[in-house]
Number of protein chains: 2
Amino acid sequence: MSKLSSEHSTRRRGKELEDAVLSAAWDLVNEVGYKDFTMSEVAKRADAAKPVLYRRWSEKSELVASAIIKFGPKIDVTIPDTGSLRGDLIKLFGQLTVVFDTFGTDKLRGLLADRLKTIPLDKILSATSDENKFTDMVSKVLKQADKRGELNFSNLSKRVLNLPGLLLINEVISNETLNKDVIVNIVDQILVPVFLGQKKAADND
Amino acid sequence: MSKLSSEHSTRRRGKELEDAVLSAAWDLVNEVGYKDFTMSEVAKRADAAKPVLYRRWSEKSELVASAIIKFGPKIDVTIPDTGSLRGDLIKLFGQLTVVFDTFGTDKLRGLLADRLKTIPLDKILSATSDENKFTDMVSKVLKQADKRGELNFSNLSKRVLNLPGLLLINEVISNETLNKDVIVNIVDQILVPVFLGQKKAADND
DNA sequence: CATTTTAAGATACTACGGTATACTATTTCA
DNA sequence: TGAAATAGTATACCGTAGTATCTTAAAATG
């Protein structure tokens with residue numbers, strides 16, 4: 001009746017086992033959402049013991065995040081170059097909507113809330129421990145705008161660079177979707193004024 | 001050995017019981033912080049049964065939030081009038097720091113994360129079900145600026161009105177404190193450009 | 001004052017996140 | 001090849017959020 005006899009001839013290890021767990025986690029979160037996702041059920045489906053999960057992922061939210069990063073929709077990481085900062089930002093954020101569209105807000109809300117216990121809000125779009133991929137993309141778009149003479153990149157503070165991520169996350173948590181209209185609104189009403197107002201604001205320092 | 005014989009001659013009800021629970025909750029969260037705060041311990045200290053708690057507050061984070069609102073530091077709700085939007089915003093946010101200073105970030109992080117499961121990020125500064133007190137104050141300051149001719153209040157969207165709250169919450173969750181320097185930075189780098197840039201941006205709609 | 005309704009008391013229970021322990025199959029490396 | 005280290009398996013366990021149930025006090029109704 002052991003797992004070895006029924007499914008596998010040998011005991012799985014390392015990456016093979018890890019992949020099996022992530023795969024089971026991905027299936028489960030798609031079936032039941034985050035709230036009803038249980039670690040025991042994942043272990044059962046992956047034919048693995050619970051300590052195996054906790055040896056790799058320190059908590060439920062981390063496992064689910066890993067599964068989404070591995071199996072979820074891949075975002076387009078092309079840096080847009082439309083000729084204006086406004087256009088670049090709108091296009092870039094549009095590339096991100098797939099991530100949020102795949103999951104309903106309900107499924108994401110609990111996950112983000114749990115992640116928040118461990119990591120700061122502005123890092124929540126990061127893949128793992130390495131730096132914030134999303135902020136990197138925003139920075140590249142801003143550097144292009146610098147070259148065009150729209151702004152001075154070196155004047156932008158860390159807080160300002162994190163603002164786009166914060167606004168998108170807030171939007172996803174608060175409202176149902178992140179559609180084009182919302183993106184255009186955020187860019188026009190908040191981000192363009194902030195980024196293009198920096199030159200003058202810098203004089204106040 | 002019943003609670004009635006030991007402490008009270010009659011069974012407490014309504015507000016009296018509620019106050020006893022809130023008081024016990026306030027003491028407990030100050031002693032052990034949010035993470036180690038347990039509903040059972042509150043019930044025990046208040047000489048109340050656990051269902052009494054859940055009949056009034058649907059979850060732990062809500063009870064703790066209620067206790068903080070009731071017994072925590074009262075914020076100064078005076079609307080500042082310094083002569084400029086910038087000055088008003090800096091002064092207003094300064095009045096809020098007491099709330100965050102009273103609790104260490106560790107204590108607050110878990111609470112905010114749990115609250116986030118139920119309520120949207122930009123409403124987290126609300127007292128109860130009624131409208132957002134903080135956003136109300138921001139609106140008043142902005143209307144003053146309108147009268148001075150600094151901006152056109154009717155052009156400001158809900159998203160923009162919620163931005164100050166979002167930024168402050170993010171700051172408290174992400175960093176340790178909310179001091180004067182940070183407030184000045186947020187106002188100068190983000191809020192002033194957004195609010196005073198609205199007139200022009202509105203033409204794009 | 002009798003009856004009905006509301007809500008508190010007491011307590012047991014469920015479910016789940018996360019941990020501990022004892023044992024065993026693989027890998028590594030001398 | 002044999003010993004030691006690593007990382008699985010299996011399972012029991014703990015703590016706590018939140019719920020259910022049953023009894024009983026007190027308030028409301030008439």
Side-chain angles (χ1 to χ4, degrees), chain A residues 1-22 24-25 28-29 32-67 110-111 113-118, chain B residues 1-22 24-25 28-29 32-67 110-111 113-118:
Chain A
M1 196 54 70
S2 99
K3 284 158 189 177
L4 296 189
S5 56
S6 61
E7 292 269 354
H8 315 281
S9 55
T10 60
R11 181 181 275 186
R12 295 164 303 173
R13 295 206 146 209
K15 191 144 183 28
E16 185 191 354
L17 180 57
E18 184 171 318
D19 286 351
V21 173
L22 284 173
L28 185 58
V29 78
V32 304
Y34 181 76
K35 221 174 95 49
D36 295 334
F37 177 105
T38 73
M39 296 299 266
S40 298
E41 179 63 21
V42 172
K44 190 175 154 192
R45 290 185 180 209
D47 266 329
K50 238 166 55 158
V52 164
L53 314 197
Y54 283 99
R55 217 171 281 137
R56 291 174 167 77
W57 302 277
S58 63
E59 55 188 37
K60 168 177 158 175
S61 66
E62 201 182 317
L63 168 57
V64 174
S66 289
L111 170 60
D114 276 356
R115 293 286 281 165
L116 211 60
K117 286 178 185 158
T118 314
Chain B
M1 197 52 72
S2 97
K3 283 158 191 176
L4 297 189
S5 55
S6 61
E7 292 268 352
H8 314 281
S9 56
T10 61
R11 184 182 274 189
R12 293 163 305 171
R13 293 206 148 210
K15 189 138 184 34
E16 185 192 354
L17 180 56
E18 185 171 319
D19 286 351
V21 172
L22 283 173
L28 185 57
V29 77
V32 304
Y34 181 76
K35 225 174 92 52
D36 294 333
F37 177 106
T38 73
M39 296 297 266
S40 298
E41 178 63 21
V42 172
K44 191 175 154 193
R45 290 184 179 208
D47 267 329
K50 238 165 56 154
V52 165
L53 313 196
Y54 283 98
R55 219 171 279 138
R56 291 174 167 76
W57 302 277
S58 63
E59 56 189 36
K60 167 177 158 176
S61 66
E62 201 182 315
L63 168 58
V64 174
S66 289
L111 170 60
D114 276 355
R115 291 289 279 164
L116 211 57
K117 287 178 183 157
T118 314

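In what follows, chains carry the letters A, B, and so on, assigned in the order in which the sequence lines appear, proteins first and then strands, with residues in each chain numbered from 1.
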A:K60 NZ/CZ over A:Y54 ring centroid, <6.0 Å and within 45° of normal: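 Not flagged: A:K60 not positioned over aromatic ring of A:Y54.
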
Length of the [atom1]-[atom2] vector between [X] and [N], whole Å:
X	N	atom1	atom2	value
A:K117	D:dA17	NZ	C1'	11 Å
A:M39	D:dT11	CE	P	19 Å
A:K60	C:dC16	NZ	C1'	8 Å
B:E62	D:dG18	CD	P	10 Å
B:E18	C:dA7	CD	C1'	13 Å
A:E16	C:dT26	CD	P	11 Å
B:K15	D:dA26	NZ	P	20 Å
A:L63	C:dC16	CG	P	16 Å

Between [atom1] on residue [X] and [atom2] on residue [Y], distance to nearest 0.5 Å:
X	Y	atom1	atom2	result
B:L17	B:R56	CG	CZ	4.5 Å
B:L22	B:W57	CG	CH2	4.0 Å
A:R12	A:D47	CZ	CG	6.0 Å

Of A:K35 and A:P51, whose closest DNA chain C nucleotide lies nearer the 5' terminus?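 This one resolves to A:K35.
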
Please confirm whether the backbone N or O of A:S40 pairs with a side-chain atom of A:R45, one donor and one acceptor, at under 3.5 Å?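 No; zero donor-acceptor contacts below 3.5 Å.
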
Between A:K50 and B:E59, which is nearer to the 5' end of DNA chain D once each is assigned its nearest nucleotide?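 Mapping each residue to its closest nucleotide by heavy atoms, the 5'-most match is A:K50.
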
Protein proximity profile, nucleotides 1-8 of chain D - base contact B, sugar-phosphate-only contact S, no contact -, cut-off 4.0 Å on heavy atoms: -----BBB

On a heavy-atom basis, which atom in B:S61 and which in B:D114 lie closest, and how many Å separate them?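 What the structure gives for the nearest pair is CB-CB, 3.6 Å.
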
